[in-house]
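One-based numbering, in listed order, for ligands and for the atoms of each. All heavy atoms count here, side chains included; hydrogens, waters and symmetry mates do not.
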Amino acid sequence: MFDNLSDKLDKAFHILKGHGKITEVNVAETLKEVRRALLDADVNFKIAKDFTTKVKEKAIGQDVLTTLQPGQLLVKLVKDELTELMGGDVAGINLSGNPTVILMSGLQGSGKTTFSGKLANYLLTKKNKKPLLVACDIYRPAAIQQLYVVGDSIGVEVYSEPENKNPVEIAQNAIKHAKANGFNVVIVDTAGRLAVDEQMMKEIAEVHKAIQPQETLFVVDAMTGQDAVNTAKAFNDILNFDGVILTKLDGDTRGGAAISIKSVVNKPIKFVGTGEKMDAIDVFYPVRMAERILG
Ligand code: GDP
């Protein structure tokens, strides 16, 4: 993961590491390299520029050049700033409400259904919850079927109404079913399209309004770079979602999405998906991600 970015930053920091004495020119060159690495990782131009400007200001403020190990201090500043850019602390998931209602949003293929299963499995095995999965895709019978396969594999019940073409009703009925049957978390998997379209947005906005979820999560494929940012913005404008799920981080992906999405929509990344299996889910740790990016 993030090979490109890591390699580039490694090169940039190579100038600094091991040098007892560095000059203002070294610092400027390194930060330029950092900026280039961020741009190569698909980080938005303005974000990358602001980032390096901020690090430079801090470096000057802390008189980096006069310290004993200026290189290390600069590396630390970059790491801290990168951590901050990705949200700083770990963002938890809100499990209040009885049942807790979690609405999944995102484009088709982003990994919504897979992640719904992973989250149900995580809540079942790690948080001692009794989750219910809800199939709210009224367009693709295969999507409902896929959720059943996922549910079966983790031993979690799936609620669906294959004949009902009203996703608001299905979601509301599912919550009633959950209350009547002792489920304390309801995970609503919604229909996605291949691109943002008006009807999909209208539909999910209606479901959102009707069920008032404790958590609205936006699922996005980390491999989609700048597009991920545009999609995040479109969904956030409609749903004002609570958190982001970055999937497919096991693939040959760049780190840009993690950085840019947080900066553009100012919502925390809560979990990452690292594979197709049900246990391939990790809480998102900004500091770990920053360390990984920087190598
Ligand atoms: P949906 O259309 O948003 O519900 O997306 P799916 O859950 O059907 O996922 C689309 C494809 O991506 C499937 O083939 C999944 O197995 C795969 N997938 C989902 N999450 C991950 C992940 O974290 N890593 C990898 N490698 N594949 C994933």
Side-chain angles (χ1 to χ4, degrees), residues 1-3 93 102-123 126 131-154 156 158-160 162 167 170-171 174 186-197 199-201 203-204 207-208 213 215-225 227-232 234-236 238-239 241 243-258 261 269-285 288-289 292:
M1 169 166 73
F2 300 141
D3 277 349
I93 185 160
I102 301 174
L103 179 66
M104 310 300 300
S105 67
L107 295 181
Q108 186 180 320
S110 60
K112 266 192 319 302
T113 302
T114 306
F115 187 78
S116 298
K118 288 178 184 178
L119 183 60
N121 189 43
Y122 170 84
L123 294 173
K126 302 266 184 345
L132 175 69
L133 285 163
V134 184
C136 254
D137 191 329
I138 54 168
Y139 308 99
R140 294 189 313 132
I144 301 179
Q145 220 33 55
Q146 188 191 347
L147 196 62
Y148 274 100
V149 172
V150 161
D152 273 354
S153 75
I154 54 173
V156 168
V158 174
Y159 183 94
S160 73
I170 299 171
V186 179
I187 300 172
V188 182
D189 187 19
T190 57
R193 305 284 168 86
L194 292 173
V196 171
D197 88 33
Q199 199 200 338
M200 169 181 70
M201 287 303 188
E203 183 179 301
I204 195 160
V207 173
H208 181 255
E215 283 278 353
T216 302
L217 300 175
F218 168 69
V219 181
V220 64
D221 179 341
M223 318 251 278
T224 52
D227 277 348
V229 179
N230 299 333
T231 313
F235 274 89
N236 194 49
I238 298 287
L239 297 174
F241 55 67
V244 178
I245 310 302
L246 211 51
T247 63
K248 310 189 193 182
L249 272 184
D250 51 311
D252 179 23
T253 181
R254 300 170 161 208
I261 290 177
I269 299 167
K270 297 205 169 186
F271 290 95
V272 296
T274 55
E276 297 189 72
K277 297 219 173 86
M278 283 296 113
D279 59 358
I281 167 176
D282 275 321
V283 168
F284 179 78
Y285 290 96
R288 281 192 205 163
M289 189 68 106
R292 199 162 171 162

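Using the six-membered ring where Trp is involved, Phe271 and Tyr122 have ring planes that are perpendicular, over 60° apart on the 30 and 60° scheme.
Side-chain contact between Ile138 and Glu203 is present, with heavy atoms from C-beta onward closer than 4.5 Å. For the pair Ile261 and Leu246, the minimum side-chain heavy-atom distance is below 4.5 Å.
Ion pairing between a basic and an acidic side chain is recognised when a charged N comes within 4.0 Å of a carboxylate O; Asp221 and Lys248 show such pairing.
For atom 2 (O) of ligand 1, the closest heavy atom belonging to the protein is Gly109 N, 2.6 Å. Summary of contacts: the protein heavy atom closest to atom 16 (O) of ligand 1 is Glu276 OE1, 2.6 Å. Remark: minimum distance from atom 5 (O) of ligand 1 to any protein heavy atom is reached at Gly111 N, 3.0 Å. Of the protein's non-hydrogen atoms, Lys248 NZ, 4.0 Å is the one closest to atom 11 (C) of ligand 1. Nearest protein neighbour of atom 22 (C) of ligand 1, counting heavy atoms only, is Gly275 O, 3.1 Å.
At under 3.5 Å, not a single nitrogen or oxygen of Gln108, backbone or side chain, sits near a nitrogen or oxygen of ligand 1.
Taking all atoms of both residues into account, the shortest heavy-atom contact from Met104 to Ile204 is O-CD1, 3.9 Å.
Close approach of ligand 1 to Lys118 is summarised as follows: ligand atoms under 4.0 Å from at least one heavy atom of the residue are 22 (C), 23 (O). For ligand 1, the atoms lying closer than 4.0 Å to a non-hydrogen atom of Lys112 are 1 (P), 3 (O), 4 (O), 5 (O), 7 (O).
Residues Tyr139 and Gln108 bring no donor and acceptor atom of their side chains to less than 3.5 Å of each other.
Residue contacts with ligand 1 leave out Ala280, since none of its heavy atoms falls under 4.0 Å from the ligand. Residue-ligand proximity: Gly106 is placed with every non-hydrogen atom at 4.0 Å or more from ligand 1.
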